[in-house]
Amino acid sequence: MSTLSEVIDYMQHHDRLQFFFTATLSVLLSLGGSHPAAAQATAYSDKPPVLLGAAWYPEQWPESQWDADLSRMEAAHIHLVRVGEFAWSTMEPSEGKYNFTWLDHAIELAGKHHICVVLGTPTAAPPAWMTTKYPDTLRVDENGVRDEHGNRQQFSFASVRYRKFAHEIAEKMAERYGHNPNVVGWQLDNEYASPSFDPEAKAQFHEWLKAKYGTIENLNSHWATAYWSQTYDNFDEIPVRDKGENPALLLAWKRFVSDTWKSYSENQISAIRPQADKRQFITTNTMGWFDGFDEYTVHSVLDIAAWDDYISTDTYDYFDNGARHDLTRGYKNKNFWVMETEPAFVNWRRVNTPLEKGQVRDMAWQAIGHGSDAVEYWQWRSALNGQEEYHGVLVGADGTPVPVYDEVKQTGEEFEKAGKALESTSPRSSVAIIHDYNSRWAIDFQRHNIEFDPVAELVAFYKPLRTQAQAVDIISPNAPLDSYKLVVAPALNVLPQEVADRLIAYVKQGGNLLLGPRSGMKDEYNALNVERQPGPLVDLLGGRVEQFYAIDKEVPVSGDLGSGTADVWAETLSTKSTDTHVLMKYGASNGWLDNQPAVITRKVGNGSITYIGAWLNDDLLAKLTAALLQQSGVQPIIPNTPDGVEVCLRTGANRSVLILINHNKAEARVDLPHAMRDLLASDNTSRTSVDLPGYGVAVLEGK
Ligand code: GLA
């Protein structure tokens, strides 16, 4: 079966369930088009392959209490602590006077408890002596107001002086701990976030523009500055803003910010790397969908990716959370770490409700299932004071366990049981979603419909794909595509020619490409593509967008796959080539949309390109993704799993580990394609089906 219309015929005449014909794990292991084995994030012969950890702040407690803290960690199977990332005033109490004795002791004592250490450079919290004496190290906000000392992250990422201090402290730490066998890696700073708009940053932006555009005439031309008399005579005239400006300027600023965080990282890497053993990785902790800068740019200089996994909705949405794991895995296209996660609750939501009992373990296993090799709780123990007194912890200020400690302990025990089997395994997928910061920014600068949230739109595609294929990679537009059978670009608004050429080559080589609404509208400078959407892909598609519309009422959409609705966004499409087919049309609505094509598709050799011009409702989109997966030859790992049970597979050279997570409160049964070893059962019994209690987890090894 090769064309989408043949697939549709087939699906119309067969029970849809038959589409999910039985796939065995052995078939999966030999997935022809799957992504090549991604390496484990880290591998230490003397440490557990999967690490459970916590953020520990020894500088906040008398040394006499450390041993009790570390003993309790060890009892919970915690073998990792992150230390130091806010301890600058303890490490360098006054300018040039260092005190690392306490840190020497903490690292050594952790080692005695079989706990290894990630060291954080403390640059997210500069000491008061510095910001007082050198106020130019403080960041300036978009309104030109310079920060005062207090809180944290009050530094300017562009300040040459601040970078000198950051280099010095990182170098001092690396000289001391770069060869410490109990230090496994480094976290630079903490959650890079806000840029600075200070005069130094502004001058650097102008230099950056000069290097990119060469001449001011070239910039004027790409930015179309004749509009509103924006023509510049020289680079120094260009304002620095992050909203309400020419979209070309706004995009350039975001790219400058990305490059500046990259050089901010390189500054510290250049201090650490020459002093550190190769086995010590260097990373930073990222924040899921946060788009203040381009993570792909920053990760080009980091060894592994790591992120802080706090649920982003009021309750745990495992699709959104899983997508953020896959996003993080895509920064380096290999396994990653969860550097922080919540021990039941945080302190910064409107209402800080806890995860339900069982969901902390569920989340930890979801991280492993999506390719994390470590899960660390923030934080170990309640600080006696400070802005986060109410945050979830594993032990209270008195150092004794709070209720969630037991659930974490159980998780740690399980990590130990399954760790060996998980070693050197990683998720593999033959489906990729392209995630592009440029496109997200471009849409956010001019949403046109306030409801068009590019992340929500990406997750709308992720959900059915993850459910149907049970493995999805989320990748940069510059990642290699040849290992994928289906590539989905939900809203690839900015489409430089070079990316378009790679997509064209992918389809011509037999790949299946699905484009969502707003794709291919802009060139790399955020100017409109004159061919209309999808710009450089119009010829390949044999059709184009005639007009886009923001909509605020559901519009009927139907075709051979079924009927449903579109909302938020609807584009009318046209076909130019005789072999480009209309797959869905709009029904009666505002007159403009009535009976116009909403989805078109074209077969190109053994490949295909499909364009969806609307934000379809979940059911209709799921029908379309199912048909495309079938056309692409992608099968689920375990067919017919109950709703709310997530299937994750990690594959290594000659084994696979299946992780089943029941995100439901009610129990659920999963039939396995063949007998597998239950790694969490005391006797490693063999099973052909698994009964999962509410929020239950099973970890099974296949042959
Ligand atoms: C962030 C920070 C931590 C802590 C937590 C609290 O992730 O990195 O220092 O403030 O939030 O949830």
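FYI, the numbering just counts along the sequence from 1. Fair warning: this is a prediction, and the values are worked out from it, not measured in the lab. For ligands, and for the atoms within them, numbers begin at 1 and follow the listed sequence.
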Salt bridge (charged side-chain N to carboxylate O under 4.0 Å, His left out) pairs, two or more places apart, involving residues 114-127: none
With sequence neighbours excluded, residues passing salt bridge (charged side-chain N to carboxylate O under 4.0 Å, His left out) with D308: none
Results of side-chain contact (heavy atoms from CB on, under 4.5 Å) for Q359 - residues two or more places apart only: Y316, L355, E356, Y695
Criterion side chain to side chain donor-acceptor pair (under 3.5 Å) against R361, the qualifying member of Q366, E414, E407: E414
Partner of D309 by side chain to side chain contact (heavy atoms under 4.5 Å, CB included), out of E376, M363, M287, M339: M363
Side-chain donor-acceptor contact under 3.5 Å, Q280 with W186: yes
Under 4.0 Å from ligand 1 - residues by heavy atom, chain and number: F86, R152, N190, E191, D308, Y310, E340, W348, W378, E388, H391
